[in-house]
Amino acid sequence: MKIIIHTRHAELASDFRTIAEEKLHSMERFSVAIDRVEVEVTHEANPRQGKDSHKVVITSHGSGPLLRAEATGFNDLAAFDDAVKSIELQIRKIHEKDKSHDRHTLRTMKVDISE
């Protein structure tokens with residue numbers, strides 16, 4: 001999975017890139033095909049937007065499903081965490097739909113009596 005991070009009017013924390021890559025690579029455990037993920041971080045300079053001054057938009061591209069999540073927070077990591085939670089819920093739903101739920105019970109199982 002390729003991860004692209006864009007910033008608009010913002011300076012990222014020094015460890016933001018490593019944290020973002022770790023959290024997004026952990027989504028591979030659901031085995032949903034995602035080729036590229038774009039993370040866009042925007043900072044609002046208006047001081048009245050203090051609690052929601054950072055906005056993060058995560059979008060997936062590629063052969064798999066289209067996933068998109070937006071979140072705002074007081075810093076870029078808080079907003080990113082909220083957006084990743086939303087993406088994880090979307091991926092989990094897709095993963096659960098793809099599961100095979102063939103239930104084999106003793107009641108429906110065929111018994112071979114050949115004696």
Side-chain angles (χ1 to χ4, degrees):
M1 175 185 334
K2 186 176 179 181
I3 300 170
I4 301 168
I5 299 176
H6 299 289
T7 59
R8 300 197 189 284
H9 313 294
E11 290 187 24
L12 294 177
S14 59
D15 57 346
F16 181 82
R17 185 173 296 277
T18 57
I19 291 171
E21 288 176 356
E22 286 176 9
K23 289 191 178 190
L24 291 173
H25 281 300
S26 72
M27 301 293 164
E28 292 177 347
R29 70 180 185 267
F30 294 113
S31 66
V32 175
I34 298 173
D35 297 335
R36 185 179 77 206
V37 175
E38 289 186 7
V39 178
E40 184 176 331
V41 180
T42 308
H43 177 69
E44 177 63 45
N46 186 352
R48 292 188 181 182
Q49 301 290 328
K51 291 182 181 176
D52 297 327
S53 61
H54 292 267
K55 179 179 176 184
V56 174
V57 178
I58 301 175
T59 310
S60 71
H61 298 281
S63 61
L66 174 68
L67 304 171
R68 186 173 189 281
E70 288 185 25
T72 58
F74 63 94
N75 67 9
D76 49 2
L77 287 174
F80 180 76
D81 286 341
D82 290 342
V84 164
K85 285 179 189 175
S86 177
I87 288 282
E88 186 173 347
L89 285 174
Q90 292 175 31
I91 290 178
R92 189 168 282 160
K93 279 184 182 179
I94 293 166
H95 177 71
E96 291 294 324
K97 280 184 183 178
D98 291 343
K99 272 187 178 178
S100 174
H101 293 290
D102 291 337
R103 302 214 189 325
H104 298 289
T105 63
L106 291 174
R107 188 180 319 148
T108 60
M109 218 181 251
K110 299 212 182 218
V111 179
D112 184 26
I113 305 173
S114 59
E115 281 188 29

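Values below: every heavy atom of this structure, side chains too, minus hydrogens, waters and symmetry copies.
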Q: Under the salt bridge (charged side-chain N to carboxylate O under 4.0 Å, His left out) rule, collect the residues that match up with D81, sequence neighbours excluded.
A: K23
Q) Just by distance, do the side chain of S86 and the backbone of E70 share a donor-acceptor pair under 3.5 Å? A) no
(Q) With rounding to the nearest 0.5 angstrom, report the NE2 to CG distance, H43 to N75. (A) 11.0 Å
**Q.** Hydrophobic cluster identity match, L67 and V57, side-chain contacts under 4.5 Å
**A.** no
(Q) Restricting to non-hydrogen atoms, name the atom on F30 and the atom on H95 that form the minimum distance, rounded to 0.1 Å. (A) O-ND1, 2.8 Å
Q) Atom OG1 in T42, atom NE2 in H9: separation rounded to 0.5 Å? A) 7.5 Å
Q.
Using salt bridge (Lys or Arg N to Asp or Glu O under 4.0 Å), reason through R8 and E40 one step at a time and then give a plain yes or no.
A. CA-CA 8 Å; R8 300 197 189 284; E40 184 176 331; 2.8 Å; yes
Q) Can you check whether I87 reaches V37 side chain to side chain, under 4.5 Å on heavy atoms? A) no
Q) Which distance, rounded to the nearest 0.5 Å, do you find between the CZ of R36 and the OG1 of T59? A) 9.5 Å
Q) Should the pair F16 and F80 be assigned to parallel (<30°), tilted (30 to 60°) or perpendicular (>60°) ring geometry? A) perpendicular
Q) Could you state the interatomic distance from OG1 (T72) to NE2 (H54), rounded to the nearest 0.5 Å? A) 11.0 Å
Q: Could you pull out the closest heavy-atom pair between A79 and G73, with the gap in Å?
A: CB-N, 3.6 Å
**Q.** Chi angles and distances behind the side-chain contact (heavy atoms from CB on, under 4.5 Å) call for D52, E44
**A.** CA-CA 8 Å; D52 297 327; E44 177 63 45; over 6 Å; no
Q) Is E88 reaching over with its side chain to a backbone N or O of M27, donor-acceptor style, under 3.5 angstrom? A) no
Q: Looking only at non-hydrogen atoms, find the nearest pair between S60 and P65 and report the distance.
A: OG-O, 3.1 Å
Q. When hydrophobic residues are tied together by side-chain contacts of less than 4.5 Å, even through go-betweens, does I3 share a cluster with V84?
A. yes
Q.
Working to the nearest 0.5 angstrom, can you tell me the gap between S31 OG and I94 CD1?
A. 11.0 Å
Q) Looking at G50 and S53, what are the two nearest heavy atoms and their distance? A) O-OG, 3.4 Å
(Q) Let me confirm one number: the CG-CD1 distance from L66 to I34, rounded to the nearest 0.5 Å. (A) 10.0 Å
Q. Would you say R48 has more than 12 foreign heavy atoms packed within less than 6.0 Å of its CZ?
A. no
